[in-house]
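Step one of this worksheet: look at the structure below.
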Amino acid sequence: MNKKLFPAIAFGLLGALLAVGAVSACSSSAAEAPDKSRYDVQVEELLAKMTLDEKIGQLNQLTGVGCAPDRLEEIRNGAVGSILNEIDPDTVNALQREAVENSRLGIPLIIARDVIHGFKTIFPIPLGQAATWNPAIVEEGARIAADEASSVGVRWTFSPMVDVSRDARWGRIAESFGEDPHLASVLGVAMVKGYQGEDLAKPNTMAACVKHFVGYGASEAGKDYNTTWIPEPHLRDVYLPPFKACADAGAATFMCSFNDINGMPTNADRHLLRDILRDEWGWDGLMCSDWSSIQQMIPQGYSPDLKHAAEAAANAGVDMDMQGFAYIAHLKELVQEGKVSEKTIDGLVRNVLRTKFRLGLFDNPYVDIPTSRRFFAPASLEAARKAAEESAVLLKNANSILPLRDNLKIAVTGPLMDAKHDQNGTWVFDLEKDSTVTVLEAMREMYGPDRIIAAPGLSFSREKNPAAVAAAVAKARQADVILFVCGEEAVLSGEAHCRTDLTLPGGQKDMLRQLRATGKPVVSVVMTGRPMEINDIVENSDAILYVFHPGTMGGPAIANLISGKVNPSGHLPVCLPRASAQQPLYYSHKNTGRPAEGITYIDDIPLEAGQTSTGCTSFYLDAGDGALYPFGFGLSYTDFSYGPVVLSADRMGADGTLTASCEIENTGKLKGATVAQLYVRDLVGTLCRPVKELKGFEKITLEPGEKRTVTFTLRASDLAYHLADNTLAVEPGDFRLWIAPDSASGDPKEFAVD
Ligand code: GLC
């Protein structure tokens with residue numbers, strides 16, 4: 001179709017709109033971007049004093065080895081710019097003192113740590129936080145993490161991870177905000193704001209690190225560290241927006257990723273790291289490599305040796321070499337050989353020094369020991385409990401078995417019922433597991449020990465123990481209702497922990513079948529790091545709470561939800577599949593020329609069926625099509641009615657706006673929250689367009705009988721997408737718009753862009 005294109009809009013505009021949730025009625029305001037020139041004079045003055053060796057030293061990040069003599073000597077010689085994984089405040093101060101008081105220029109170190117979803121008070125894994133659809137919850141969790149971690153000297157966290165993740169086999173989906181660019185953008189910005197606060201120079205803040213730049217979530221076959229194939233227009237429409245949003249929100253640092261994009265490792269990708277990130281976006285923060293990712297360009301087959309890798313990464317714009325020893329070993333000779341200019345080195349060093357000034361480290365390098373180790377404040381634990389409550393997604397509630405009525409004997413079963421370690425999920429380096437309040441502990445606290453029958457059956461998620469299961473099932477028969485707390489151990493998701501079988505591991509499926517066979521009502525709580533295949537859980541449970549790994553206060557949160565003290569309000573940030581092999585799976589898919597219809601299932605096919613008799617459309621013979629539970633889905637103990645969408649106009653110009661409203665009523669008997677989601681579809685494009693795209697959301701709480709109208713403002717520029725030549729276009733044509741409680745429901749309203 002030869003369509004008139006409207007003037008391309010700078011990519012930044014699209015990113016900015018996503019960032020502040022311009023079409024969402026509910027978004028955290030973007031953190032103030034730092035005053036870019038505030039430290040220019042100090043940076044230049046310091047840079048002018050530095051030797052080449054000292055400059056290269058600032059680009060070198062090493063993992064902690066305490067106060068080993070040779071480490072102190074490296075610091076004294078100005079050969080280290082940052083240290084990660086030191087979390088003892090006295091050690092941090094000793095290392096910092098060596099840099100500040102005993103090196104020639106006294107440049108302070110940045111101390112870094114992976115504080116991914118809490119330092120000591122553990123919040124739900126980021127995928128669970130995404131299920132809250134609540135930026136304020138995410139921001140508060142990050143603020144608390146920053147206060148706890150900075151109290152031991154950590155001033156740089158390697159979070160938020162905003163990789164759009166659409167393959168449940170990939171273990172790192174646990175660390176992400178799920179499959180949608182808009183949701184990831186809004187929540188990534190909230191996390192940046194929580195870590196950095198209003199003034200990054202305050203000692204109880206941390207520099208955010210937006211990672212992994214970029215496209216890591218598209219790792220082929222859901223296998224970690226794998227290659228990706230992402231055409232640039234798709235990269236700009238799906239994978240870059242959350243990074244752009246965080247850059248615009250003032251994120252102090254970024255981390256590049258392990259993957260290559262179309263054969264080019266991101267660590268060597270000048271187009272990505274300079275043209276887009278610096279020139280197009282104007283971002284001036286610190287770009288760090290991932291752990292030894294510069295060195296890994298050798299096995300990737302891009303660099304023949306470490307020297308080449310150092311040259312490629314420095315010229316591409318990687319400011320700091322995390323534990324790769326490439327820069328410290330080779331940059332000086334590369335400068336002497338003219339392969340890397342000292343001008344390039346100066347550019348990398350400026351980004352490091354600027355970040356240290358922004359962190360206030362020159363004025364305030366040390367940990368205040370008397371106020372150090374600020375952990376587990378009551379308010380922090382309450383915030384963690386609220387986050388866990390809001391992260392739980394009610395998928396099924398047959399016969400309103402939940403909330404449990406009074407005076408029931410409850411059997412608490414399953415391998416995650418009392419899991420002080422595994423309840424916290426992946427990336428909890430600093431967990432003190434005794435601080436975890438488990439489901440069993442919380443249920444006993446809530447219902448009294450006499451009404452709770454503890455029958456784990458399995459002691460960890462991979463265990464197969466038929467005898468123990470049989471004993472537990474026999475014990476559970478004494479109860480009126482069975483709570484089955486199942487899922488994955490923490491180690492089964494996260495980095496390098498990918499799975500091809502997304503069902504319950506170990507003997508859990510068999511245990512659930514046996515529990516079901518008792519004839520008692522079964523409530524399953526699925527504690528996991530990923531979207532799982534849960535057909536058997538659906539078949540054998542009356543109710544299902546999908547809680548991801550909920551963290552320190554997951555137990556009390558689940559007890560509050562089971563008892564009805566709290567009404568579930570989580571909505572899925574990912575699709576749940578019908579089959580493990582149905583990956584990648586996401587709602588914002590293309591329609592294809594033969595969208596699924598007339599699905600024939602494998603067991604229904606007659607013998608010697610004719611070649612075309614099963615239909616020729618896009619579905620699986622053994623799984624059909626679409627998600628078992630769609631993106632955005634979540635039930636409540638009450639009911640909500642979404643009225644028709646009302647548009648302020650049925651057409652707008654390329655620079656126009658319209659509003660879309662919907663009256664929502666709580667038609668049930670309990671107070672509850674729902675997430676109104678705004679989706680649009682571009683029916684015809686120069687390139688095929690997705691069947692739906694999330695453009696806004698608002699979580700609202702309504703009393704029984706209460707009605708409220710939610711209104712979104714949609715700009716034509718929110719409908720822009722990248723054409724094959726990377727121009728960002730708003731194309732005229734017909735569109736559909738929904739305001740609905742998930743990505744699979746609601747009646748569309750038509751409108752046009754002229
Ligand atoms: C890891 C991860 C990255 C993390 C870093 C430091 O390999 O890829 O997300 O921040 O190394 O631990």
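Along the sequence shown, residues are numbered consecutively beginning with 1. Side-chain atoms are counted along with the backbone in the values below, which use heavy atoms only and exclude waters and symmetry mates. Read the numbers this way: they start at 1 and go in the same order the structure lists the ligands and their atoms.
Summarising the local packing, NZ of Lys223 is surrounded by 12 or fewer heavy atoms from other residues, nucleotides or ligands at distances under 6.0 Å.
Ring planes of Phe258 and His212: parallel class, angle under 30° (limits at 30 and 60°).
Listed by chain and number, residues touching ligand 1 at under 4.0 Å (heavy atoms only) are Asp114, Phe158, Arg172, Lys211, His212, Met255, Phe258, Asp290, Trp291, Met322, Trp427, Glu495.
Judged by the 6.0 Å distance and 45° axis criteria, Lys211 is positioned over the aromatic ring of Trp427.
Of the charged side-chain nitrogens involved, at least one lies within less than 4.0 Å of a carboxylate oxygen, so that Glu280 and Arg236 count as a salt-bridged pair.
Put simply, the side chain of Glu148 gets close to the backbone of Thr121: a donor and an acceptor are under 3.5 Å apart.
Between Phe325 and His330, the ring centre distance reaches or exceeds 6.0 Å.
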